[in-house]
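Here's the structure we're looking at; comments come further down.
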Amino acid sequence: MKSYKELAEMTETKIEKAAQKPGARANVLSDLINCWLVFMGRDRETEEEAKKEKYKKMLLYLEKTLEGIDPYGKGAGRFMNLTFSYNEVRERLEEGEAKA
């Protein structure tokens, strides 16, 4: 059985692959990010500082993606899907910082 750390790393790799595809579907990305968040939340092997860095990296990716969405095109649904993922990642980061 894989550890939650291994599952989080596997999912992070899948997110990176999906993100490299031009026009990657937002629902696919948000679903992968939500799975990653579940695994990260259960991972007890990774130090909190390392998790914090991973959350920051994901936030930067999401912010960049959200900034590039054209709200007058097909971007409204894409923006909405990724906003929920952004919010959850940011909440995890802020919770970690509050503990410190």
Side-chain angles (χ1 to χ4, degrees):
M1 181 178 345
K2 292 187 181 288
S3 70
Y4 285 110
K5 179 180 180 175
E6 292 172 312
L7 291 168
E9 290 170 348
M10 175 193 69
T11 307
E12 192 172 359
T13 300
K14 292 180 182 298
I15 293 166
E16 289 169 358
K17 283 184 180 181
Q20 290 174 3
K21 293 184 179 184
R25 293 177 48 198
N27 63 326
V28 170
L29 286 170
S30 65
D31 288 349
L32 285 169
I33 292 167
N34 290 334
C35 292
W36 175 74
L37 286 165
V38 169
F39 296 140
M40 287 286 286
R42 299 292 306 239
D43 174 8
R44 301 294 178 245
E45 297 175 58
T46 304
E47 293 182 19
E48 288 303 314
E49 192 61 34
K51 284 185 178 183
K52 182 177 168 182
E53 291 306 313
K54 289 179 178 278
Y55 290 139
K56 283 182 181 179
K57 179 182 172 186
M58 187 63 70
L59 277 180
L60 290 174
Y61 163 72
L62 287 166
E63 286 175 355
K64 180 179 174 186
T65 303
L66 289 169
E67 287 172 357
I69 293 174
D70 176 11
Y72 300 105
K74 296 180 181 178
R78 182 173 174 81
F79 196 90
M80 184 179 75
N81 281 332
L82 295 177
T83 296
F84 290 110
S85 296
Y86 175 88
N87 187 60
E88 185 63 30
V89 173
R90 185 163 178 168
E91 187 174 304
R92 298 275 181 99
L93 180 61
E94 290 171 349
E95 286 173 359
E97 290 176 345
K99 289 179 186 177

Fill in the blank from the handout: Here the gap from Thr83 atom OG1 to Leu62 atom CG, rounded to the nearest 0.5 Å, amounts to 9.0 Å

Could you list the donor-acceptor pairs under 3.5 angstrom formed between side-chain atoms of residues 7-17 and any protein atom two or more places apart in sequence or on another chain?
{"unit_1": "Thr11", "atom_1": "OG1", "unit_2": "Leu7", "atom_2": "O", "d": "2.8"}
{"unit_1": "Glu12", "atom_1": "OE1", "unit_2": "Lys54", "atom_2": "NZ", "d": "2.8"}
{"unit_1": "Thr13", "atom_1": "OG1", "unit_2": "Glu9", "atom_2": "O", "d": "3.1"}
{"unit_1": "Glu16", "atom_1": "OE2", "unit_2": "Lys57", "atom_2": "NZ", "d": "3.0"}

Exercise for the section: Could you name each residue pair satisfying ring pair (Phe, Tyr, Trp, His ring centres under 6.0 Å) that touches residues 38-70, not counting sequence neighbours? Expected result: Trp36-Tyr55

Exercise for the section: Could you tell me the separation between the CG atom of Leu82 and the CG atom of Asn87, rounded to the nearest 0.5 Å? Expected result: 12.5 Å

Problem - Atom pair CD/CD of Glu91 and Glu94 - distance to nearest 0.5 Å - result: 7.5 Å

Practice task
Check Arg92 against Leu37 and note the closest heavy-atom contact, atom names and distance.
Solution key: NH1-O, 2.7 Å

Exercise for the section: State which residues pass side-chain contact (heavy atoms from CB on, under 4.5 Å) with Val38; sequence neighbours excluded, sorted by chain then number. Expected result: none

Practice task
Can you see which heavy atom on Asn34 is nearest to which on Ser85, and at what distance?
Solution key: OD1-OG, 3.8 Å

Practice task
With sequence neighbours left out, write down each residue that passes side-chain contact (heavy atoms from CB on, under 4.5 Å) with Asp43, or none if nothing qualifies.
Solution key: Tyr4, Lys5, Glu45, Thr46, Lys51

Practice task
For Glu67, check side-chain contact (heavy atoms from CB on, under 4.5 Å) against everything at least two apart and list the hits.
Solution key: none

Completion exercise
On a heavy-atom basis, the closest approach of Leu29 and Ala19 is CD2-N, 3.9 Å

Completion exercise
Under a side-chain separation threshold of 4.5 Å, the hydrophobic residues clustered together with Leu60 are none

